[in-house]
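One structure below.
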Amino acid sequence: MRDWWKRRGGLALDALLWLALSWLLFADSMHAASPWEFVFGVATITTAVATTRRCPVVSLAAATSSGIAMVIDHGGRVPIWPVFVMVTMAYFAGRRMRTAKPALVIFVVVCVLCVPVAFGAGAQGIDGWAMMLSVIGFAALFPWQLGRYVRLRDELARSGWQRAEEIESRQRLVADQARLRERARIAGDMHDSLGHELSLIAVRAAALEVAGGLGEAQSRAAGELRESAATAIDKLGQIIGVLRENEAPAAHESIPELVERSVASGLAITSTVDDLSGVPAMVERAAYRVVQEALTNVAKHAPGAAAVVTVEAGADETTVSVVNAPPPAGPLPGAASGRHGLVGLRERVRVVGGTFRAEPSNGGFVVEATLPHAGSPGPVDVSDAVLGLERARREVRRSLLQAVLVPASLFVGVGAISGIAFLYGWYGSELEPSAYDSFRIGQPRAEIEPFFPGRQRLARPYRDQPLAPAGAECVFYGNGRSLFTSTYEAYRLCFIDGKLVFKDVLKESSDPRSAG
């Protein structure tokens, strides 16, 4: 049902698009001298819209071929409906075409075929073909490139997000496993510390139970307290034992003993370790684990490197720092780090409410932890894959915005340059009215050429203009009227055998005034 509605919705949108383009065609060509333009336009629009989804190559070819209507003589009128057809259908073709080669072939073929059409049926010759070529470049090529770019960015974004989500899932699984192992070790530490305290309670309760001077009720209460403590010890051992099935027995050595053992194994260590007897047991174990994991990484990834171990116990927090220099001979080959131990350390430090940092530094590596004595578990860190995925999404959105702004900016820039060039040509081709009035029929061309401007007027009135004398060579110049006047005028001067034989003022939509 969903696919059915999707197909129906696509057909409805195509029908609306066909109606909109056909209405533009009708409004633009309703005053055309011959009906062929309307018939040609309906054929190209219908073909382009009907094939846009199933065969975008044909759709692009039909839309681009509509530009042929722009090079054919329409009595001075330039149709604009092909521009809308090319912009719309070229964009959709770019979104749906898999390869670029067919589109480039279509653009070249249409441009080549329009050359004989421009010279055979056009009024402006090469100028009309150049105009049509520019229109195809901006109205067909750029929208097609924009559509193709958007499609490629969408595909890249989808594949990139899928890849990032897969990596994120794997990394989350590895991180969860490391956290579970570290939590198991933390649970073991809790068992060791709490079990010791419960054992002391049981011993003291037993001593109180057999002590003299107590009444029967007090002795019975002491016995019940001893039994409760023993039961708590058994239950704690059962629970923690499940968590510690696959764990090695917890080490009970101190940090100085760990450092001495590491030095004995060949590590070059300089250490400054404060007395941690007054800090909470969980903080002491966390500090031990940080130093242990950091020295393990030094031995594994930086053989021969000197390490500095610093443990400072303050009134409110304990700071741990292990910094190693770059390895003299480089890291061991194949000793790639999975960073699982660092994930576990981060979890260990988070449980006691501390902060953790592990990163390269000056060619070596630094591991630092701040462990508050009265802390609570901190927030779980967001993984690098999640952050990278979000950065990728922002980059995709930025790229899509650039895909819209860059072609639009290019179009505006080229349009501005073309406008400046047009205005330069317009005002640089004006002939002084007084000079025009002074020209006489039969006057030699050499006498009046010094009054001509440096260029001719390319934009000329074409509709219902009188024919020039047979065999005459004519030049066209502006007459100084503003570009924004309702009536467009231009001077026409015709020469035969180097003499002026005809001159008149061409006017758009009015009878020409002959001065000859």
Side-chain angles (χ1 to χ4, degrees), residues 178 181-182 184-186 188-193 196 244 246-315 317-352 354-373:
R181 288 195 297 270
E182 189 61 29
R185 284 192 289 265
I186 294 173
D189 295 340
M190 292 176 61
H191 171 266
D192 295 339
S193 58
H196 178 69
R244 300 179 63 184
N246 298 323
E247 295 294 324
H252 296 284
E253 64 180 351
S254 63
I255 294 178
E257 292 172 344
L258 171 64
V259 172
E260 291 178 1
R261 183 163 54 85
S262 300
V263 171
S265 64
L267 293 180
I269 302 175
T270 302
S271 63
T272 302
V273 181
D274 291 349
D275 183 14
L276 301 182
S277 58
V279 304
M282 293 296 293
V283 172
E284 182 181 4
R285 292 300 302 163
Y288 175 88
R289 284 286 296 121
V290 170
V291 176
Q292 182 187 46
E293 182 65 28
L295 293 180
T296 300
N297 289 338
V298 171
K300 181 178 180 181
H301 302 291
V308 178
V309 177
T310 305
V311 180
E312 298 179 352
E317 63 181 18
T318 296
T319 59
V320 182
S321 172
V322 180
V323 181
N324 66 271
L332 290 176
S337 175
R339 305 183 72 88
H340 301 167
L342 296 181
V343 172
L345 284 185
R346 197 179 300 275
E347 177 67 16
R348 165 80 70 158
V349 173
R350 187 191 71 82
V351 167
V352 298
T355 58
F356 181 78
R357 182 173 73 95
E359 60 186 17
S361 176
N362 297 324
F365 205 83
V366 57
V367 177
E368 292 181 350
T370 301
L371 309 171
H373 294 173

Compare every heavy atom of [Y] with every heavy atom of [X], then report the nearest pair and how far apart it is.
| X | Y | answer |
| --- | --- | --- |
| Phe356 | Ala369 | CD1-CB, 4.1 Å |
| Leu267 | Leu295 | CD1-O, 4.0 Å |
| Ala305 | Pro326 | CB-O, 3.8 Å |

Residues two or more places apart in sequence or in another chain: which of them pass side chain to side chain contact (heavy atoms under 4.5 Å, CB included) with Val366?
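Testing Val366 for side chain to side chain contact (heavy atoms under 4.5 Å, CB included), a comparison that skips the adjacent residues, returns Val323, Arg357, Glu359, Ser361, Glu368.
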Tell me every residue that passes side chain to side chain contact (heavy atoms under 4.5 Å, CB included) with Thr355, counting only those two or more places apart in sequence or in another chain.
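Scan of Thr355 (side chain to side chain contact (heavy atoms under 4.5 Å, CB included), adjacent residues dropped) gives Thr370.
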Distance-only check: which donor-acceptor pairs under 3.5 Å involve side-chain atoms of residues 272-284, not counting sequence neighbours?
| residue | atom | partner | partner atom | Å |
| --- | --- | --- | --- | --- |
| Asp274 | OD2 | Ala313 | N | 3.0 |
| Asp275 | OD1 | Ser277 | N | 3.1 |
| Asp275 | OD1 | Ser277 | OG | 3.3 |
| Asp275 | OD2 | Ser277 | OG | 2.9 |

For a side-chain contact (heavy atoms from CB on, under 4.5 Å) with Val320, tell me which candidate from Ile255, Val367, Val290 qualifies.
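For Val320, the side-chain contact (heavy atoms from CB on, under 4.5 Å) test succeeds with only one of Ile255, Val367, Val290, which is Val290.
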Quick check for you: to the nearest 0.5 Å, what is the distance between Gln292 atom CD and Arg261 atom CZ?
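It comes to 7.0 Å.
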In chain order, what residues pass the side-chain hydrogen bond (donor to acceptor under 3.5 Å, both in side chains) check against Glu317, with sequence neighbours excluded?
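Glu317 satisfies side-chain hydrogen bond (donor to acceptor under 3.5 Å, both in side chains) with no residue once adjacent residues are dropped.
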